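Both ligands and their constituent atoms are indexed starting at 1 by order of listing. Below, each value reflects all heavy atoms present in this structure, side chains not excepted, and no hydrogens, waters or symmetry copies. The structure displayed is predicted, hence computed values, not measured ones.
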Amino acid sequence: MTLPAVRARLYRGTPRNLARLAAALQRGELVAVPTETVYGLAANALDARACRRIFRAKGRPASDPLIVHIHAPGDLARIAESNPAALKLARKFWPGPLTLVLPKKSVIPAIVSARRPSVAVRLPSHPLFRRLLKISGVPLAAPSANAFGYVSPTTAAHVQAGLGRRIRHILDGGPCAIGLESTIVDLRDPRKPRLLRPGAITRAQLERVLGCRVPVAAAARQSSRGAQLAPGLLKRHYSPRTPVVLHSRIKIQEVLADRQQREGWLFIARPATRVGRADRPSLPSIPSKGRNIFWLDDRGDLRGAARKLFSQLRALDIRGFRKIHVELAAGTGLADAINDRLRRAAARG
Ligand code: TXA
Ligand code: MG
């Protein structure tokens, strides 16, 4: 592919810019868009040629299907076979970070669904993306706007850095409010919902609304080389170039042993007990800052930590550390989603 000599243009979300970008989408061009989860690389989901450009720009294998974004709940029936369980979740969590996998209808080209008979659908809440969906008048297929396998982008600058020479248009909607990709639920069989990817909408929330268990799909745990039941849910994904080493609990002694500070130490959310070690005052605690010590959040706020996770991994990746050590988030819910991304970032091969 010959790359355009110019860098992608960043657009602010003015009415005039949105109209121009909608026109570009209608012509089959790609537009990077802000969403509440991560930035997406959008194309008209009904146009197979336009969607093929997404795969080319990202270097994404054709076996990895795309999520289709819609503007209104009523658009769902046009592209997928819905069911009562799906409607319950849609009513509760849309617009928002929830993707439903349902049997697809024939308007969705085979390339979008990687030739499978299902399609993943999401109704996003980001106001600029919603306006663009409305003006362009078509559903928009959009995977995360990163080169395949790298950390997902949560700012327009991340998109520019990764795909700036491969695409022409980036709609800048500021930093993403959630910072982790959507929760994906397989609802092809409404009696057997399965969690394909954890996200900001937690398993407990899904189970409360559906009134049944939502087990984690076995396919979501498999390795990258295994048969691909849930395509794209590769173990190695979201990976910085620097090796990532996970710890359930990092001890201060380990950090201090890295005297030359050649490794980075990343902590998720600093709970109050960890600041003062009120429980065991004789133990020194992990410092709140340092040349090689980083906390995503220092008030114990997992949402704040999730929002900063990908940008912090990117920032650490260019610091030249030999390794990035990360302490996994404690707890469940959003912690599951954060830890899922960390495990993928740490997986090699
Ligand atoms: O938050 C998000 O979901 C973001 C924003 C842009 O909406 N999108 C996103 O897309 O994370 P992507 O392509 O990076 O991840 C989508 C994943 C695919 O890798 C695949 O695993 C799953 O969704 N998927 C898509 N269609 C599917 C299908 N028919 N069956 C099972 N899984 C599917
Ligand atoms: Mg992705």
Exercise for review: Indicate, with yes or no, if I293 and I252 share a hydrophobic cluster defined by side-chain heavy-atom contacts under 4.5 Å among Ile, Leu, Val, Met, Phe, Trp and Tyr.
Suggested key: yes
Revision key, fill the gap. One finds that the ligand 1 atoms under 4.0 Å from a non-hydrogen atom of S118 are 28 (C), 29 (N), 30 (N)
Check your understanding: Could a heavy atom of P97 be found less than 4.0 Å from some atom of ligand 1?
Key -> no
Practice item. Check whether any N or O atom of R116, backbone or side chain, sits under 3.5 Å from an N or O atom of ligand 1, and answer yes or no. Key: no
**Study point:** Within-cut-off N or O pair, T35 and ligand 1, under 3.5 Å
**Key:** no
**Study point:** Close N or O approach (K58, ligand 1; < 3.5 Å)
**Key:** no
Check your understanding: Parallel, tilted or perpendicular for H325 and H247, by the 30°/60° rule?
Key -> tilted
Exercise for review: Count the heavy atoms of every other residue, nucleotide or ligand shown that sit under 6.0 Å from CZ of R188, and state whether that count exceeds 12.
Suggested key: no
Review point. Any N/O/S atom of N146 sitting less than 2.8 Å from the Mg ion (ligand 2), backbone or side chain?
Key: no
Review point. Is the count of non-hydrogen atoms from other residues, nucleotides or ligands lying under 6.0 Å from R53 atom CZ greater than 12?
Key: yes
Check your understanding: Taking only heavy atoms of R197, which atoms of ligand 1 are found under 4.0 Å from at least one of them?
Key -> 2 (C), 3 (O), 9 (C), 11 (O), 15 (O), 16 (C)
Check your understanding: Do other residues, nucleotides or ligands put more than 12 heavy atoms under 6.0 Å from the CZ atom of R12?
Key -> no
Check your understanding: For H71, which residues count as a ring-ring contact (aromatic ring centres under 6.0 Å, His included) partner, sequence neighbours excluded?
Key -> none
Exercise for review: Show which atoms of ligand 1 fall inside a sub-4.0 Å distance from at least one heavy-atom site of A120.
Suggested key: 25 (C), 26 (N), 27 (C)
Review point. Can you list the atoms of ligand 1 that are under 4.0 Å from a heavy atom of D64?
Key: 18 (C), 19 (O), 20 (C)
Exercise for review: Check whether V245 and W265 end up in the same hydrophobic cluster, where Ile, Leu, Val, Met, Phe, Trp and Tyr are linked by side-chain heavy atoms less than 4.5 Å apart.
Suggested key: no
Point to revise | Region of D186 that comes within reach of ligand 1 [heavy atoms, distance under 4.0 Å] | key: neither
Point to revise | Check: H69 N/O within less than 3.5 Å of ligand 1 N/O | key: yes
Study note, to complete from the structure: If you compare P65, P117, A142 by their heavy atoms, the one closest to atom 26 (N) of ligand 1 turns out to be P65
Exercise for review: Could you list the atoms of ligand 1 found under 4.0 angstrom from a heavy atom of T37?
Suggested key: 1 (O), 2 (C), 4 (C), 5 (C)
Review point. So is there a nitrogen or oxygen of S113 less than 3.5 Å from a nitrogen or oxygen in ligand 1?
Key: no
Point to revise | E181: which of R341, R197, R122 passes salt bridge (Lys or Arg N to Asp or Glu O under 4.0 Å) | key: R341
**Study point:** Under-4.0 Å heavy-atom contact with ligand 1, by part of R60 that carries it
**Key:** side chain
Check your understanding: In chain order, what residues pass the ring-ring contact (aromatic ring centres under 6.0 Å, His included) check against H69, with sequence neighbours excluded?
Key -> F129
Review point. Of the listed options (A32, A114, P124, S182), which comes nearest to atom 2 (C) of ligand 1 when hydrogens are ignored and any heavy atom counts?
Key: S182
Check your understanding: So, D258 and R262, do they make that salt bridge, N to O below 4.0 Å?
Key -> no
Review point. Among S144, S152, A200, which residue places a heavy atom closest to atom 9 (C) of ligand 1?
Key: S144
Check your understanding: Around R16, counting heavy atoms of other residues, nucleotides and ligands shown, do more than 12 lie under 6.0 Å from its CZ?
Key -> no
Review point. Counting only heavy atoms not in K323, do more than 12 fall under 6.0 Å of its NZ?
Key: no
Exercise for review: Give a yes/no on ligand 1: does K104 have at least one heavy atom closer than 4.0 angstrom to it?
Suggested key: no
Exercise for review: Any atoms of ligand 1 less than 4.0 Å from a non-hydrogen atom of I184? List them with their elements.
Suggested key: 17 (C), 22 (C), 23 (O)
Check your understanding: Looking only at N/O atoms, are E181 and ligand 1 under 3.5 Å apart anywhere?
Key -> no
